[in-house]
Amino acid sequence: MPQEEHTASMRDERYNPEQVEKKWFERWQQDSALYAAEPHSTKPKYYVLEMLPYPSGALHMGHVRNYAIGDALARYMWMNGYNVLHPMGWDSFGLPAENAAISAKVPPREWTLRNVANMKAQMKRLGFGYDWSREVTTCLPEYYKWNQWFFLKLFERGLAYRKKSRVNWCPKCATVLANEQVVGGCCWRHEDTLVEQRELEQWFLRTTKYAEELLRDLDRLPGWPEKVRTMQRNWIGRSEGAQVDFRLDQSKRVADTFRRIVSRKGTVEQILIDRLTPDLVERVAELSQDATQLSMAFEEAFGLDLSKAEIDALQLALKDDVNISVFTTRIDTIFGATSVQLAPQHAITQKLAAADPELRKKVDQLIAEQAKARETGDIGNIEKHGVNTGHFAVNPFNGEKVPVWVANYILMDYGTGAIMSVPAHDERDYEFAKKYSIEIRQVIVPTKYGNGETGVPARRGGPGGPPLHELPFTTLDGKLINSGKFTGLTCDEAIQKMPAFAEQHGFGKATVTFRLKDWGISRQRYWGTPIPMVYCEKDGVVPVPEKDLPIILPENVEITLAGGSPLQRVPEFMNTTCPKCGGPARRETDTMDTFVDSSWYFYRYTDAHNDRAPFDSKIAGYWFGEKGIDQYIGGVEHAILHLIYSRFWTKFMRDIGLIKNDEPVERLFTQGMVIKDGAKMSKSLGNVVSPDEMVARFGADAARMYSLFAAPPDRDLDWQETGIEGIQRFLGRVYRFVSRNSSVETQVPTSPNQTLQATSLPPEARAIQRKLHQTIKRVTDDFQGRWHFNTCIAAIMEFVNELYSQTAVGERASSPAIAGSLLADLQRNLVLLLAPFAPYLAHELWEMLGEKANLLKAPWPKYDPELAKEDELEIPVQVNGKLRSKIVVAPGTSEEEIKQKALADEKIQSYIAGKQIVKVIFTGKLVSIVVR
RNA sequence: GCCGGGAUGGCGGAAUUGGCAGACGCGCUGGACUUAGGAUCCAGUGCCGUAAAAGGCGUGCAGGUUCAAGUCCUGUUCCCGGCACCA
């Protein structure tokens with residue numbers, strides 16, 4: 001025995017992850033096809049994908065966590081016999097490469113590819129099982145050629161267009177940003193940098209064409225987190241309402257024109273201006289069609305002879321039938337509209353201001369205020385104020401003239417940029433009207449306070465407040481009053497009927513407004529996909545013919561952040577010939593937003609080297625099926641940006657017949673952030689944990705496994721050094737158990753399908769066997785459902801603890817042969833359970849156990865419910881709701897018997913003696929006795 | 001303001017449907033082994049209480065439903081994330 005002791009202790013050395021991981025790393029390097037998906041397979045397919053990283057230089061812990069989740073799932077699915085597609089790539093266009101070029105004088109391409117190489121090596125070292133034969137690098141022409149191709153397709157269908165508009169500009173990026181890239185008024189990459197507004201000519205993709213579908217299909221994505229769906233819903237911001245045309249009353253415009261003419265003539269007379277009654281203006285307006293009549297009327301009324309030019313000006317003022325189209329979700333309150341409010345940037349505002357220097361000044365001030373508030377991020381708390389234009393607009397429902405104001409809280413880019421103001425039934429309008437003493441006219445009487453009997457009190461006029469019919473203000477639903485023929489209707493009825501009425505009479509209709517805007521994709525930067533467009537003096541905007549793709553991004557370009565796209569300073573690139581007329585032309589020098597690259601990259605993985613098409617429809621069809629990627633995993637920060645763009649792209653690709661699926665991703669998982677000391681890891685806080693260091697100190701398995709163990713994957717994870725030490729200890733424990741007991745005598749081969757008979761085992765052996773099957777069940781269930789890998793791993797730990805506490809499993813078995821085969825069974829299954837989480841160790845132990853088949857594709861263990869069953873049940877007994885005792889019964893004991901046993905229990909007796917038993921409840925899990 | 005998510009020991013976190021609160025890990029305490037232990041193994045560890053028991057109290061807070069509530073209902077506080085004058 002001493003000899004054997006010695007042998008055991010030799011084998012019982014500490015687990016050395018460095019050595020073991022190196023060995024397997026090198027073996028895996030040899031086999032490039034190890035993780036390859038099969039192109040043709042009878043197995044069911046499974047596409048698991050993690051969001052591709054930007055090659056910033058090195059992986060961070062967030063990446064490790066993300067990929068550890070995906071890799072565990074991929075391995076689990078391999079072991080379950082699926083044909084798994086698990087690819088990886090690089091979102092490799094983008095500004096950091098340009099910044100590096102400026103600060104380190106390295107060309108962006110070189111910098112990027114160097115980072116790719118480094119990060120790829122890190123991924124391999126971490127043992128992630130990717131099919132590298134499908135690697136996609138978006139900054140290479142073989143990829144971005146297809147961005148250009150898609151752009152042409154979008155252009156052909158009118159889904160890519162060019163317009164001048166107010167856009168977001170990040171001064172640090174020196175480029176335009178999409179709405180989705182503005183976070184709280186700041187740039188998404190520079191959270192301390194306020195975004196400016198600039199007027200620029202830009203390329204847009206018509207994402208709004210799919211607004212309705214993008215919204216509707218969210219309901220068909222039960223596999224997405226509710227949170228993400230809600231965020232997208234809010235972002236798309238569908239709002240049902242009505243658009244109503246308030247005609248601008250011409251009186252003031254005409255009067256102003258008169259005044260101008262009169263004063264130009266140098267014969268300004270107060271009387272004359274006083275004679276300009278609205279009636280007169282209206283009469284003049286009627287005559288405006290005919291210049292001669294107009295001239296005569298003018299002469300008659302004022303004794304003035306007008307020049308031809310003045311007549312023209314007048315006619316223009318009169319003819320211009322100006323509609324102020326407002327958007328409202330509460331058309332039922334329209335009889336309570338007491339003013340119209342315009343955005344300062346509104347075309348009509350501008351028109352009115354052009355004729356009125358005083359107004360011009362004030363409007364410009366409002367614009368400046370808005371811009372400032374937007375920049376400091378407190379648009380939303382900005383103090384409401386505005387300016388009365390002196391003009392009036394006519395409410396088409398009652399013919400009433402209401403004043404037209406310009407206000408700083410009206411947004412040009414939502415709805416029509418104009419509203420009707422109903423102070424009695426809208427909080428903002430109420431505030432505004434009180435400030436400027438605008439009439440507040442009640443047209444709704446709420447039917448009740450709050451939302452029914454349980455009673456959320458109304459915000460104003462709640463119980464104890466004034467009687468309902470005297471409310472000065474309410475946003476509650478009720479019945480219409482003072483609303484002409486609509487009086488008496490409920491709000492709901494009115495919202496149905498009034499738009500129809502408006503449409504009938506040609507001054508409005510029911511409409512739907514979205515918050516979602518078209519996607520501005522032009523970037524005044526170098527390191528991106530060139531937009532394949534040419535500007536010709538003769539032919540205008542001309543698309544580059546498909547056969548000329550790709551338009552290659554030139555190298556050796558001097559990069560600065562000043563003065564627009566660096567490509568403008570590359571004449572060889574910029575100067576070209578027009579594809580239509582052959583004459584001299586200029587290339588578009590803006591590049592595409594990098595979110596274009598990531599909008600469709602996962603299709604490219606399915607057919608990564610296709611040089612005739614972005615991908616083969618059939619192949620993509622196989623992997624995407626009807627519902628898309630089976631499982632997509634990434635950070636929630638892309639909930640809107642990337643995930644809305646890719647949904648748009650998928651719908652477009654479907655519409656041009658490339659694919660059949662409506663949605664790119666069937667199931668989405670968003671993992672939480674990795675934080676340290678309660679804060680996001682950042683260089684400035686000095687709390688960054690480096691994956692390389694963790695791998696060097698604890699091994700890849702420990703780093704990966706800890707990132708799965710420390711918290712449920714959807715929650716934030718606080719990185720604790722002592723925590724990863726615990727995992728390292730656990731892996732050592734597993735290693736020691738298997739290596740110590742893998743001596744020859746226990747190596748009785750067991751067929752994987754043959755289950756040991758429970759009856760043949762003594763109680764201790766049976767206990768550990770039961771624990772095994774319970775563990776398999778727990779781990780398997782978690783993979784199928786909740787993905788709480790922290791509890792999976794905890795279950796495996798419990799199992800290992802049990803193995804240790806029953807150390808001499810072999811000795812206690814009834815015969816050495818059974819002991820040996822039970823032990824082998826336990827070890828084998830332990831390794832299989834561990835394989836998705838700690839692949840290095842699992843492979844090592846698998847080999848140590850003498851297994852020949854590749855662990856990667858070894859069948860996932862099955863649990864036997866019979867073997868997982870408890871031999872005896874422990875039933876807690878409560879008296880009056882408090883736990884007082886426990887009884888032990890055999891499974892299948894009748895309810896009556898259990899109750900009797902509980903009542904007879906000694907401890908229970910002491911609690912119920914002398915009391916009246918009201919009832920005894922057995923729930924299948926516990927007995928509850930109620931006494932009095 | 002609106003919409004999501006959360007609050008459980010000294011810490012990270014367990015507790016699929018209302019049914020033994022605190023699994024598992026960390027930390028701490030004690031023991032074993034040892035020349036040594038920052039290795040390993042074993043045991044203990046919510047709080048109060050007790051020599052030990054018994055017992056009592058405990059899932060942000062206040063109520064409620066129930067034989068039974070971390071879990072359901074009502075109200076409320078705080079924290080995190082998203083959106084925000086969206087008409």
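This is a predicted model, so every value here is computed, not measured. Chain letters run A, B, ... following the sequence lines, proteins first and then strands; every chain starts at 1. These numbers come from the heavy atoms of this one structure, side chains and all, not from hydrogens, waters or symmetry mates.
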Notebook entry, point to check: At under 4.0 Å between heavy atoms, what does R238(A) touch on the DNA or RNA strands: base, sugar-phosphate, or nothing?
Noted result: nothing
Check: Can you tell me if the side-chain N/O atoms of R884(A) get under 4.0 Å from OP1 or OP2 in rC67(B)?
Finding: no
Note to self: Whether R736(A) contacts rA39(B) is assessed here as follows: a side-chain N or O lying under 4.0 Å from the phosphate OP1 or OP2. Is that the case?
What the structure shows: no
Check: At under 4.0 Å between heavy atoms, what does G237(A) touch on the DNA or RNA strands: base, sugar-phosphate, or nothing?
Finding: nothing
Next item on the list: Please state whether the rings of H638(A) and H642(A) are parallel, tilted or perpendicular, taking 30° and 60° as the class boundaries.
Entry: perpendicular
Notebook entry, point to check: Can you check whether T513(A) has a side-chain N or O nearer than 4.0 Å to OP1 or OP2 of rA87(B)?
Noted result: no
Notebook entry, point to check: At under 4.0 Å, does any side-chain N or O of K227(A) touch on OP1 or OP2 of rG5(B)?
Noted result: no
Checklist line | Under 3.5 Å on both distances, the Watson-Crick or G-U partner of rA43(B) | finding: rU29(B)
Check: Reading nucleotides 12-19 of chain B from the 5' end, what letters show protein touch, with B for base, S for backbone sugar-phosphate only, - for no heavy atom under 4.0 Å?
Finding: BSSSBB-B
Notebook entry, point to check: Would one find a side-chain N or O of R729(A) under 4.0 angstrom from OP1 or OP2 of rA39(B)?
Noted result: no
Check: Should the pair R515(A)-D413(A) be classified as a salt bridge under the 4.0 Å nitrogen-to-oxygen rule?
Finding: no
Item checked: Nearest to side-chain heavy atoms of K882(A), which nucleotide of rA54(B), rC57(B), rA87(B) -> rC57(B)
Note to self: Counting the atoms with a prime plus P, OP1 and OP2 as sugar-phosphate, which does K886(A) contact under 4.0 Å by heavy atoms, base, sugar-phosphate, or nothing?
What the structure shows: base
Margin query: What's I793(A) touching, base or sugar-phosphate or nothing? Going by heavy atoms closer than 4.0 Å.
Written below: nothing
Note to self: Please confirm whether the shortest side-chain N or O distance from K907(A) to OP1 or OP2 of rG55(B) is below 4.0 Å.
What the structure shows: no
Check: Using a cut-off of 4.0 Å on non-hydrogen atoms, how would the nucleic acid contact of D429(A) be classed: base, sugar-phosphate, or nothing?
Finding: nothing
Checklist line | Q232(A) and R647(A): side chain donor to acceptor below 3.5 Å | finding: yes
Next item on the list: Name the residue closer to the 5' end of RNA chain B, choosing between N801(A) and Y414(A) according to the nucleotide with the nearest heavy atom.
Entry: N801(A)
Next item on the list: For E725(A) and for Y409(A), locate the closest nucleotide of RNA chain B by heavy-atom distance; then report the residue assigned to the nucleotide nearer the 5' terminus.
Entry: E725(A)
